[in-house]
Amino acid sequence: MRMSRLLVRTLREAPADAEVASHQLLVRAGYIRRLASGVYTFLPLGLRVLHRVERVIREELDAAGCQELLLPALHPIELWEQSGRAALFGSDALPTMTVDGRGGTFVLGPTHEEVVTVTVGAEVDSYRQLPLTVYQIQVKFRDEARPRFGLLRTRELIMADAYSFDVDKEAMQESYRIVFDAYLRIFERLALDVTPVEAASGAIGGDVNHEFMVPSVVGEDHFVSCCSCGYAANVEAATRGEGTAVGGDGAPAPEVVQHHTPGRPGIADVVSFFEDPEISAGDLLKSMATVDDQGRPTLILIPGDREVRLPGGWRLFEDGDFVAHPSLVKGYIGPVGQQEQGIRVVADVGVVRPGSWIVGANRSDHHLSGVVVDRDFRVDAWGSFAEVVTGDPCPRCGEPIELVRSVEAAHTFQLGYKYSEVMPGSNFVAEEGGEAVFSMGCYGMGVSRLLAVVAEEHHDDRGLVWPGEVAPFRVHLAALGAGRVPEVAAAADQLYERLVGAGVEVLYDDRDVSPGVKFADADLLGLPIRLVIGAKGLARGVVEWRSRSTGEERELTLEAVVEDLVSE
RNA sequence: CGGGUAGUAGCGCAGCUUGGCAGCGCGCCUGCUUUGGGAGCAGGAGGUCGCGGGUUCAAAUCCCGCCUACCCGACCA
């Protein structure tokens, strides 16, 4: 490609709305442009990178025995009503459009479990057709409340997602492992340092699932990591080992004292009430009224300096729940006497400690101090109910664990029968006769997000530094002073034609601009190899070869350059 | 959805306090000179000052409403 003809405009300054490096560089280098908040155009260079990423995904998934198809982006809303997810998402969060004339309301697909289940269900009637894993690369739509960081969090995005169909759970787990391994290979080729972590399943559902996390300063997620035993989990799913003693000795008073604490519902409010430097948030019990996954009203107790981690399927009390359970007084909830009111009490392992606690008195504007576990209240079950922080003991080996900021690059789920049980057509004739339904897995990877992640992890202060697998072109050929020295122009033209003829992807900077501009643009665009032809070198019959990533420089003859690039 | 900031040429910004000719740098066009790390000179094009209303002889500037974007938080398959 001749740069004089390429639709690209590089910017010396980044637009004011770009905060993070990947966003600034992708815009400055002319790869992408913003159309609306969270909606981006891929200009020719950006599209080439996107295609390169997609190629890696296709090659690895095809090699793993998956088959590509393309599902619609528009889904009849009835499909989402059948699965129950229309209600789960809520009308606000599910982007829809109404098609007039023929009528009908369509969902702008945010994910494709429903569609793929009915699609494959219609084609598969026998266990003999299984196992089957299909995948697609498709535009998806998300109702992001706050798009940010360029391609990292957008409302329209390109995703690759695979779906596996198996005869039973064991077979599904085998398919899961195969795609899981393929995903690891994809990230390796994209030069991303990925850590698969145990994760919470959210609105997709299913039991076992993993997130593929890339540690990054721009990450919006955290995972916990144990360097001794390798335990890794999303902070939303992570648990911690027992034996943590948090906070100080607390209020020493052995007897329970009631305090009038008007207008102080929060932890910090109560701490300030006592005006005692010995008392901190860690001496209070945070009591969270929840409904557990079996619908039982349950009080979760965690140390006051911690954030609650709700187990999957649990939810916080809503206003109606407080009305139904008057023993729980919003803002002044405590564990004392709750079992007698039919409330389960569960506690984080951090609640085990010497001394006493300050708790809500279950009476408006009152708190209790000197409350002791097992004496003043009972705990029905102990567990890990607080969000893990750096230094907590690993739940497997007890060593301190670390919190790592990261970007979620992919998410894989063992769905099981969640969709096949509710969507029509998911039954097939089993080997032993009789009917069975699919055991499914799904595997999503944010392709457009990967551009941002790769750019974020592979750049320097001068510009992008693309890994070879995803660079839009392999070679950046710059002819210096070509407009002035015909020999240079001729030699550069000839080298360009030879390389292109040999199948090397070359971006040829044939513009009549000063050398400084060409060098700066080459650095900014970030192609792996830069070739420079100038009058000085040409007089000696050499061109300059330079690696963008290592800065290594060589002088090669024209012949050697061609040989070098073609043989690799 | 709550809090904050901003919207003036393609990009980055000044002007607004104290109302009075629409500005600067980069980029773009033409010409000449220049040419190994974002060249110089000369000339030129490009504007609904986010939108609507109000105050005023006069509004980019003051007032009211709205929209858009970004940041923090909430939310996030």
Side-chain angles (χ1 to χ4, degrees), chain A residues 8-20 23-24 27-30 33-39 75 80 83 85-86 88-90 92-95 107-115 140-150 152-155 157 159 161 163 199-206 209 211 218 220-221 234 236 307 316 407-408 410-413 415 418-419 442-446 449 462-463 478-485 488-489 509 511-524 530 532-539 542-544 546 553 555:
Chain A
V8 65
R9 148 176 263 165
T10 58
L11 306 175
R12 195 177 296 212
E13 293 170 285
D17 63 9
E19 279 259 317
V20 302
H23 187 193
Q24 292 180 348
V27 172
R28 277 191 56 210
R33 292 289 184 255
R34 188 182 70 78
L35 181 65
S37 180
V39 181
H75 309 171
W80 285 73
S83 71
R85 288 209 297 180
L88 183 66
F89 273 66
D92 292 339
L94 197 61
V107 173
L108 296 167
T111 175
H112 284 70
E113 283 76 22
E114 285 82 357
V115 177
K140 305 208 180 197
F141 303 91
R142 296 287 162 82
D143 181 47
E144 285 296 344
R146 184 146 93 84
R148 24 187 156 179
F149 302 148
L152 219 47
R153 178 162 296 273
T154 54
R155 296 190 296 177
L157 57 144
M159 270 192 83
D161 51 334
Y163 299 92
S201 64
I204 292 257
N209 71 97
E211 286 173 333
V218 299
E220 299 179 87
D221 279 310
N234 187 296
E236 291 167 24
E307 294 301 319
L316 291 175
V407 175
E408 176 188 352
H411 202 160
T412 59
F413 303 79
L415 294 174
K418 179 178 165 72
Y419 294 93
C442 80
Y443 319 85
M445 179 178 292
R449 170 180 285 186
R462 294 188 316 246
L480 300 189
R484 170 176 45 98
V485 186
V488 170
D509 191 348
R511 299 173 301 170
D512 187 20
V513 296
S514 70
V517 173
K518 293 195 176 189
F519 288 137
D521 277 348
D523 290 340
L524 183 57
R530 187 186 75 186
V532 174
I533 295 188
K536 290 179 192 168
L538 196 59
V542 299
V543 301
E544 177 187 310
R546 184 185 169 98
E553 285 191 30
E555 285 195 337

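These numbers were taken from a predicted model, which means no experiment stands behind them. Chain letters run A, B, ... following the sequence lines, proteins first and then strands; every chain starts at 1.
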Rounded [atom1] spacing from [N] to [M] in Å:
N     : M     : atom1 : value
B:G25 : B:A14 : C1'   : 11 Å
B:A39 : B:G27 : C1'   : 15 Å
B:G20 : B:G4  : P     : 30 Å
B:C67 : B:G10 : P     : 25 Å
B:U61 : B:U55 : C1'   : 13 Å
B:C26 : B:A22 : P     : 23 Å
B:G15 : B:C24 : P     : 15 Å
B:C13 : B:G47 : C1'   : 15 Å

For a quick check, tell me whether the side chain of A:Arg28 and the base of B:G10 share a donor-acceptor pair closer than 3.5 Å.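 Side chain to base: no pair below 3.5 Å.
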So, under a plain 3.5 Å distance rule, would you say the side chain of A:Arg153 forms a donor-acceptor pair with the base of B:C76?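 Present.
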Under a 3.5 Å cut-off for both contacts, is [N] paired Watson-Crick or G-U wobble with anything, and if yes, with which nucleotide?
N     : value
B:G43 : B:C29
B:A6  : B:U68
B:C62 : B:G54
B:C16 : none

Check: A:Arg155 main-chain N/O paired with A:Glu144 side-chain donor or acceptor under 3.5 Å: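 Judged by distance alone, no pair lies under 3.5 Å.
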Has the side chain of A:Asp523 got a donor or acceptor atom that lies under 3.5 Å from a matching backbone atom of A:Gly463?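 Not confirmed, A:Asp523 side chain does not pair with A:Gly463 backbone.
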Need one value for [X]: base, sugar-phosphate or nothing, where a base atom within 4.0 Å counts as base even if backbone is also close, heavy atoms only.
X        : result
A:Gly481 : nothing
A:Arg449 : nothing
A:Arg9   : sugar-phosphate
A:Phe149 : sugar-phosphate
A:Ala535 : nothing

Starting from [atom2] on [N], measure out to [atom1] on [X] and report it in whole angstrom.
X        : N     : atom1 : atom2 : value
A:Phe519 : B:G38 : CZ    : P     : 10 Å
A:Arg511 : B:G37 : CZ    : P     : 16 Å
A:Arg33  : B:C11 : CZ    : P     : 9 Å
A:Asp509 : B:G37 : CG    : P     : 15 Å
A:Leu11  : B:C28 : CG    : P     : 11 Å
A:Leu152 : B:C71 : CG    : C1'   : 15 Å
A:Asp521 : B:C26 : CG    : P     : 17 Å
A:Asp17  : B:U68 : CG    : C1'   : 12 Å

Gap separating the CG atom of A:Leu524 from the CG atom of A:Leu11, nearest 0.5 angstrom: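 Separation between the atoms: 8.5 Å.
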If you round to the nearest 0.5 Å, how far is CG of A:Leu157 from CG of A:Leu152?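 Spacing of CG (A:Leu152) from CG (A:Leu157) equals 11.5 Å.
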Closest listed nucleotide, where the reference is the side chain of [X] and the choices are [options]:
X        : options             : answer
A:Ser37  : B:C13, B:C70, B:C72 : B:C70
A:Arg155 : B:A69, B:U35, B:C71 : B:A69
A:Glu19  : B:C11, B:C71, B:A69 : B:C71
A:Ala16  : B:C13, B:G10, B:G73 : B:C13
A:Ala145 : B:C11, B:G27, B:A74 : B:A74
A:Arg34  : B:C75, B:A69, B:C76 : B:A69
A:Arg12  : B:C26, B:U35, B:C76 : B:C26
A:Thr10  : B:G38, B:C11, B:G36 : B:G38
A:Glu13  : B:C11, B:C76, B:C72 : B:C11
A:Arg146 : B:C26, B:A69, B:A74 : B:A74

So does A:Glu553 have more than 12 non-hydrogen atoms from other groups sitting under 6.0 Å from CD?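 More than 12 within 6.0 Å, yes.
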Flag the pair A:Val107 / A:Glu114 as yes when at least one side-chain heavy-atom distance between them is below 4.5 Å, and no otherwise.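 SC-SC contact between A:Val107 and A:Glu114 ruled out.
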Please work out which of the three classes, parallel, tilted or perpendicular, describes the rings of A:Trp80 and A:His75, given edges at 30° and 60°.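 Because their plane-to-plane angle is under 30°, the rings of A:His75 and A:Trp80 count as parallel.
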Closest-nucleotide ordering on RNA chain B, the 5'-leading residue of A:Pro15 and A:Leu538: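 Result: A:Pro15.
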Which residue lies toward the 5' end of RNA chain B, A:Ala520 or A:Glu144, if each is placed at its nearest nucleotide?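 With A:Ala520 and A:Glu144 compared, the 5'-side residue is A:Ala520.
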Please state whether the phosphate of B:G38, meaning OP1 or OP2, lies under 4.0 angstrom from any side-chain nitrogen or oxygen of A:Ser514.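 The answer is no; no side-chain N or O of A:Ser514 sits under 4.0 Å from OP1 or OP2.
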Only one of A:Glu220, A:His23, A:Glu19 forms a side chain to side chain contact (heavy atoms under 4.5 Å, CB included) with A:Arg148, so which one is it?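 Of the listed options, the one satisfying the test is A:Glu220.
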